[in-house]
Amino acid sequence: MDTATINAAAAAHPSKGVTFKYGTAGFRTRADTLDPVMLRVGMLAALRSQCKAGAAIGVMVTASHNPEGDNGAKIVDPMGEMLEASWEGFATELANTPDDKLAEVFSRIASDLGVDTSASAKVVFGMDTRESSPALTKAAMDGAALLGAQVIDMGVVTTPQTHHAVRSINDPDYGTPTVDGYHAKLSTAFKDIYRLTGATDVITLKVDCANGVGAPQFRKTLAALGGIVQAEIVNAGEGKLNHECGADYVKVQQGPPANMKIEDGDRCVTFDGDADRVMYFFNKDGSFFLLDGDRISALAANCLQQLLDKAGIKLNIGVVQTAYANGNSTSYLEHQAKVPVACTKTGVKHLHHKALDYDVGIYFEANGHGTVIFNDAAIKTIKAAAEAGNESAKILEAFSRLINQTVGDAISDMLMVEAILLVTNSTVLQWAELYSDLPNRQLKVKIQDRSVVQTANAERECTAPEGLQAAIDALVAKVENGRSFVRPSGTEDVVRVYAEAATREACDKLAWQVAGLVWDRAAGIGDRPAQA
């Protein structure tokens with residue numbers, strides 16, 4: 001590794017005096033600050049590949065549901081999962097290293113890890129449709145090239161397609177590491193389920209693609225499906241990315257995106273900007289109804305458990321949620337679907353890791369990001385039963401191919417939902433009737449230092465400041481179906497408050513009372529929270 005060459009590259013991508021932090025979403029901020037960071041991301045991805053004996057590592061250039069002026073980057077590990085948490089610190093350190101110290105700091109990290117920087121490396125690059133993405137991707141490729149890495153350019157793809165490609169390169173049994181290979185895998189599996197269920201009707205959808213990469217890629221999926229799914233695509237790129245459209249907008253606004261007219265009976269879907277989140281929605285008698293990630297988990301768990309029972313296959317199936325999951329969704333899963341539920345800290349990496357504890361692990365955040373993971377033993381058992389002629393096992397085997405098990409995937413998860421509705425002969429209205437959400441409210445409380453608020457038990461219990469949890473418990477005890485928790489924000493000096501209860505009035509009152517407790521006991525700033 002040539003020190004002079006690295007320092008020259010750093011000088012060509014000069015730092016801009018901005019401090020960065022690599023988190024669950026990777027780097028994500030204003031696009032015009034990211035050029036020097038991308039060089040370092042490419043270097044770290046190549047080093048990660050060298051550390052993993054030359055296995056392919058991915059870099060996805062995207063800011064997901066953020067506004068069009070933002071961008072970012074995520075590093076993808078060999079099996080398509082997120083970057084190992086212990087390496088996030090290296091990413092942050094490199095991003096904040098002065099240009100003239102880059103070679104020195106990078107060499108020290110490589111030495112501490114015992115990585116030979118002359119070893120072979122392979123890095124897969126994908127990017128979304130943002131105007132800033134090509135130049136930022138080029139900067140990351142320049143970084144990987146400094147270590148002699150083989151660069152594989154996927155072009156403009158969804159985030160899940162990059163994850164799929166990385167996994168498929170390192171595990172050829174998983175799939176073909178190309179865009180065409182991705183669409184062929186998903187369409188073949190869906191058509192298998194369509195055939196096995198005896199379906200004949202064309203599925204008709206309205207799909208909001210957030211003016212992002214989901215539109216061109218979903219069109220390719222539709223073509224591969226050969227006409228059995230037809231969709232009216234809106235926000236296909238003619239407007240501003242994520243502006244008044246996309247999964248995040250629809251969930252926050254609790255209403256349809258711009259440019260989509262909904263009639264009763266329409267089945268509607270929304271993706272986010274990089275197509276790793278999906279949610280369903282519909283109108284009934286003029287009222288808007290959203291089917292979010294909690295609802296997708298419930299639908300998937302119920303169907304997969306029924307298929308396993310019909311197939312006579314005993315596997316350990318479970319759902320992973322965070323404290324933000326609606327209490328009635330948890331109750332439905334445990335008491336009606338008869339599927340165990342685990343709770344983890346907020347963040348996809350925590351959910352994904354916990355889901356690996358099950359033979360079949362299901363996780364979705366309420367925002368629509370999630371997937372289903374089948375472990376090797378489960379797939380082997382299901383395949384054996386399918387090959388023996390077990391019809392339910394054949395459907396389960398097709399599900400294991402249809403679902404992108406590496407990461408949340410809007411297109412794959414949408415097809416999973418459609419396949420489940422075929423298998424269960426259900427409508428979206430019947431899906432919505434599985435359970436009713438408890439009224440819930442989220443608030444933010446500004447405080448001087450968020451670090452004074454500490455939590456345990458998957459963020460459901462506040463351990464500091466002393467006495468705060470006991471005070472919250474006392475309030476909750478007075479409310480029917482009451483539940484509330486507080487947790488420090490990961491990005492700003494605020495504490496997030498969540499509350500739910502049997503009625504909207506009781507829920508809102510509880511949320512504001514808890515917010516007041518946080519302000520009192522955690523050095524709140526500004527006006528004390530109070531219900532209007």
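Heavy-atom basis, side chains included; hydrogens, waters and symmetry copies ignored.
Closest of all the heavy-atom pairs between Ala189 and Ala398 is CB-O, 3.5 Å. Annotation for Ala506 and Val479: closest pair CB-CG1, 4.0 Å, computed over non-hydrogen atoms. Between Leu241 and Gly273, the shortest heavy-atom contact is CD1-CA, 4.0 Å. Closest non-hydrogen pair, Ala458 versus Cys343, comes out as CB-O, 3.6 Å. Pairing each heavy atom of Ser484 with each of Val497, the nearest pair is OG-CG1, 4.4 Å. The minimum heavy-atom distance linking Gly72 with Leu34 is given by the pair N-CD1, 3.6 Å.
To the nearest 0.5 Å, the span separating OG1 on Thr330 from CG on Asp294 amounts to 7.5 Å. The CD1 atom of Ile233 lies 10.0 Å from the CG atom of Leu205; values are rounded to the nearest 0.5 Å. Here the straight-line distance linking atom CG of Asp272 with atom CE of Met279 works out to 8.5 Å at 0.5 Å rounding. Rounding to the nearest 0.5 Å places NZ of Lys444 at 5.5 Å from CZ of Arg496. Annotation: the span from Leu438 atom CG to Ser331 atom OG amounts to 8.5 Å, rounded to 0.5 Å. Note: Gln321 CD to Leu333 CG = 5.5 Å, rounded to the nearest 0.5 Å.
Other residues, nucleotides and ligands contribute at most 12 non-hydrogen atoms within 6.0 Å of the CD atom of Glu505. Atom NZ of Lys191 has more than 12 neighbouring heavy atoms from other residues, nucleotides or ligands inside a 6.0 Å radius. Under a cut-off of 6.0 angstrom, the local environment of NZ in Lys349 is crowded, with over 12 non-hydrogen atoms contributed by other residues, nucleotides or ligands. By the 6.0 Å contact criterion, CD on Gln253 is enclosed, its count of non-hydrogen atoms from other residues, nucleotides or ligands being greater than 12. Heavy-atom neighbours of Lys354 NZ from other residues, nucleotides or ligands within 6.0 Å: at or below the threshold of 12. Other residues, nucleotides and ligands place more than 12 heavy atoms under 6.0 Å from the CG atom of Asp264.
Side-chain contact check for Ile296 versus Val278: some heavy-atom pair is nearer than 4.5 Å. Using a 4.5 Å heavy-atom cutoff, the side chains of Tyr358 and Leu315 are not in contact. Counting only heavy atoms from C-beta outward, the side chains of His65 and Arg277 approach each other to under 4.5 Å. Between Phe190 and Ile228 there is a side-chain heavy-atom pair separated by less than 4.5 Å. For the pair Ser187/Leu225, a side-chain contact is recorded, criterion being any heavy-atom separation below 4.5 Å from C-beta on. Counting heavy atoms from C-beta on, the side chains of Tyr332 and Asn302 come closer than 4.5 Å. Proximity of Thr455 to Pro488: side-chain heavy atoms (C-beta onward) are separated by under 4.5 Å at one or more points. Between Phe27 and Met38 there is no side-chain heavy-atom pair separated by less than 4.5 Å.
With Gln442 contributing its side chain and Asn440 its backbone, the two residues share no donor-acceptor pair below 3.5 Å. The closest donor-acceptor contact from the side chain of Arg28 to the backbone of Asp70 lies at 3.5 Å or more, if one exists at all. A donor-acceptor distance shorter than 3.5 angstrom exists from the side chain of Gln405 to the backbone of Ser400, with no hydrogens or angles considered.
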Trace of the side chain to side chain contact (heavy atoms under 4.5 Å, CB included) decision for Val61 with Phe125: CA-CA 8 Å; Val61 178; Phe125 290 89; 5.5 Å; no
Steps toward salt bridge (Lys or Arg N to Asp or Glu O under 4.0 Å) verdict (Arg195, Asp192): CA-CA 5 Å; Arg195 172 179 51 80; Asp192 285 346; 3.5 Å; yes
Derivation of the side chain to side chain contact (heavy atoms under 4.5 Å, CB included) call for Ile373 and Tyr363: CA-CA 9 Å; Ile373 304 171; Tyr363 73 87; 4.0 Å; yes
Verdict with reasoning, Ser133 to Asn71, per side chain to side chain contact (heavy atoms under 4.5 Å, CB included): CA-CA 7 Å; Ser133 289; Asn71 216 322; 3.1 Å; yes
Full working for side chain to side chain contact (heavy atoms under 4.5 Å, CB included) between Val124 and Val76: CA-CA 9 Å; Val124 179; Val76 181; over 6 Å; no
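In the model, Asp409 has a side-chain atom that pairs as donor or acceptor with a side-chain atom of Tyr182 under 3.5 Å. In this model, a donor atom of one side chain and an acceptor atom of the other lie less than 3.5 Å apart for Glu459 and Thr346. Of the N and O atoms on the side chains of Asn328 and Asp437, not one donor lies less than 3.5 Å from an acceptor on the other residue. Side chain to side chain, Thr406 and Asn404 meet the donor-acceptor criterion of an N or O pair below 3.5 Å.
Ring orientation note: the planes of Phe485 and Tyr324 are nearly perpendicular, at an angle over 60° on the 30°/60° scale.
Between Glu397 and Lys394 there is no salt bridge, since no side-chain nitrogen of the basic residue lies less than 4.0 Å from a carboxylate oxygen of the acidic one. Lys74 and Asp276 are joined by a salt bridge, as a carboxylate oxygen and a charged side-chain nitrogen come within less than 4.0 angstrom of each other.
Tested against Thr62 for a side chain to side chain donor-acceptor pair (under 3.5 Å), the candidates Asp128, Thr162, Thr158, Thr129 yield a single pass: Asp128.
Between His164 and Tyr174, the distance separating the two ring centers is shorter than 6.0 angstrom.
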